[in-house]
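Just so it is clear: chains get the letters A, B, ... in the order the sequence lines come, proteins before strands, and each one is counted from 1.
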Amino acid sequence: MKANNIKTVIFFLAPAVSAIFIFFFIPVIAAFIISFTDFDIYTLGDLSTLRFIGFDNYSKLLNDELFWTSLENTFYFVVVAGPLSIAVSLSAALLLNSKLTKFKSLFRLAYFLPVVTTLVAVAIVWRFIYHPNFGILNFFLGLVGINPIDWLGDPFWAMPSIIILAVWKNFGYNMIIFIAGLQNIPDELYEAADIEGASALQKFRHITLPMLAPTTIFVSIITMIGYFQLFAEPYVMTQGGPLNKTLSIVQYMYQEGFRWWNMGYSASIAFVLFVIIFIGTLIQFRIQKINK
Amino acid sequence: MKRILLHTVLIFIAVITLIPFLWMISASFMFDGHASVFPPRFIPDQFTLMQYERLFERLSIAQNFINSLVLSLLVTVISLAFNSMAGYAFAKYKIKGKNKLFNLLISSMIIPAQVTMLPLFLMLKWMGFINTYMAIIIPGLANIFGIFLIRQYCISIPDSLIEAARIDGANDFLIYRKIILPLLTPVLATLAIFTFLGTWNDFLWPLIVMTDDSMYTLPVALANLMLEHTKDPELMMAGSVVTILPVIIVFLALQKYYMKGIMMGSVKE
């Protein structure tokens, strides 16, 4: 294209790009700097009290038991809820993609509904569903002979409860991506396999799964990034309890930064989260390369 | 036989995804305490609107509703304008460093928003914007995913169309407004629903920057209400209905565009 007047380009790019630079890139750099300072509630009032303390915040994190607890909880959540979500999404996509299925769009709509709804609101709904005495979950489990469980009050069950909610809320999103992936697999592959007499399981293992590999990697990266940012569910349902068993990294960052105003310390927690997400993404990209 | 089994499983999953919503709606029409019984009630024994009256009269949830609605609309309109201009420029103009800039933006999508929250809060505090609408509008002015989505779509618009308009004497802004924007309608609809729902549903950021009850968005007001009403499922369910219902209406109306957006976003590489 001709007539690339630089002024015109700047006119189109400037609003969005400058907004992103000022309100995204500069804060990222500022957060990095703040994480090497003792920025706290006194600094908020008087900036001259700010001191650079090198890696002190980071070394303090290493000895902070609560931080390790939040790290452990978040990993528990990501490692269990992530694969579980993806497995449920893929299963639902396979069911909906079957040639035998009727009312596809209706089922798809029902499965997708939790995705668009407000997380805080559904977390509140589930908090009552999990109620040990009156909750409908224990009622249904009682019908098949399972004794009532104190879902959110029992340190063992609290995190699984949040995982169940997360899978219920999110599986529809990846399901849509998987359906698109399934529809891109050429029918001839299955027809050829039919001629060779392959079983349904063999077709799934040797055609569907390999053909879906790029989709699966994409889905697992976005799921992992999202799940590492766990916050609203424990905030609404358990406040991090019982016994800190559901305290997440982001919740700990929020508490340190915005409740106790230990902003230097909180910034270092945010950066650890970033590094974890970054490494997790790199690992998955590497897996993708190896598969190719 | 296979068909019956398949549909039994499908219906079973649909029941699981829908029951929480049905129970929520049902309990919101119950009197105090009527949802806290064993065995649970799935249909109100006596129908009442008292929970909704309480929400709107005593707890002024109408103000929170307005905050959520106005903010979601404002952020949607402004970011759509900013993102579409930038996305168009990234797709159709050639200048030095453009691709480098675009790649920088794309790779920074991996940085979680939480990293920016502390400095952003301080910036807004020094600007005097904490506890105002600006605190939510400013970080939502533009977003990288939106620019990316528009750019992908713009690339498929033929250059000849733009050239022809230019020969007819149209200037760049007129081309953008009269030719590009109308062609972008589907992707703008997609982005609009993503942004609207994203802003409406957002929790952590409004929780940080809004400090007065009257400035809370619905999710923050709801989470706050929960602290005082842990034993009032009926009231909390009414609050959840008020929060979720607009989202479901918007989604049902623009479903097609939403699903398309997910698939467009997933063909990144």
Chain A shares the most heavy-atom pairs under 4.5 Å, among B/L252, B/L207, B/T243, with B/L207
Do A/L113 and B/T17 have side chains that get closer than 4.5 Å, going by heavy atoms?
no
Is it the backbone or the side chain of A/K102 that comes under 4.5 Å from a heavy atom of chain B, or both, or neither?
both
With only heavy atoms counted, which part of B/D232 is less than 4.5 Å from chain A, the side chain, the backbone, both or neither?
backbone
Using non-hydrogen atoms only, which part of B/K98 is less than 4.5 Å away from chain A: side chain, backbone, both, or neither?
neither
Between A/A30, A/P114, A/A19, the one whose heavy-atom pairs under 4.5 Å with chain B are most numerous
A/P114
Side chain / backbone / both / neither for B/F251 at chain A, heavy atoms under 4.5 Å:
side chain
Give the ring-plane orientation class for A/Y235 versus B/F203, where under 30° counts as parallel, over 60° as perpendicular and anything between as tilted.
perpendicular
Please classify the contact between A/Y111 and chain B as side chain, backbone, both or neither, with a heavy-atom cut-off of under 4.5 Å.
both
With the side chain counted from C-beta on, respond yes when A/V120 and B/V220 share a heavy-atom pair under 4.5 Å apart, and no when they do not.
no
Among B/Y93, B/F90, B/F82, find the one that has a side-chain contact (heavy atoms from CB on, under 4.5 Å) with A/L13.
B/F90
Pick one: which of B/V115, B/I111, B/L141, B/N143 meets side-chain contact (heavy atoms from CB on, under 4.5 Å) with A/F24?
B/I111
Is A/F112 close to B/M259 at the side-chain level, that is, under 4.5 Å between some pair of heavy atoms?
yes
Answer yes or no: is there a side-chain heavy-atom contact under 4.5 Å between B/P20 and A/W168?
yes
Measure distances from A/F274 to the heavy atoms of chain B and classify the residue's part below 4.5 Å as side chain, backbone, both or neither.
both
Heavy atoms, side chains only, cut-off 4.5 Å: are A/F23 and B/M123 in contact?
yes
Describe, in one word, how the ring planes of B/Y88 and A/F12 are oriented to each other, choosing from parallel (under 30°), tilted (30 to 60°) and perpendicular (over 60°).
perpendicular
Given A/V116, A/L100, A/I22, the one with more heavy-atom pairs under 4.5 angstrom with chain B than any other is A/V116
Segment of B/L101 engaging chain A (4.5 angstrom heavy-atom cut-off)
side chain
Can B/I262 and A/I177 be said to form a side chain to side chain contact (heavy atoms under 4.5 Å, CB included), step by step?
CA-CA 7 Å; B/I262 297 179; A/I177 300 176; 3.4 Å; yes
Is B/A81 in contact with chain A via its backbone, its side chain, both, or neither, using a 4.5 Å heavy-atom distance?
neither
When you compare the side chain of B/Y176 with that of A/F11, does any pair of heavy atoms fall below 4.5 Å?
no
Check whether any side-chain heavy atom of A/F25 sits under 4.5 Å from a side-chain heavy atom of B/L104, and report yes or no.
yes
Contact class of A/L95 relative to chain B, heavy atoms under 4.5 angstrom
both
In terms of heavy-atom pairs under 4.5 Å with chain B, the winner among A/W126, A/F278, A/Y173 is A/Y173
Taking side chain as C-beta onward, heavy atoms only, is B/I19 less than 4.5 Å from A/F140?
yes
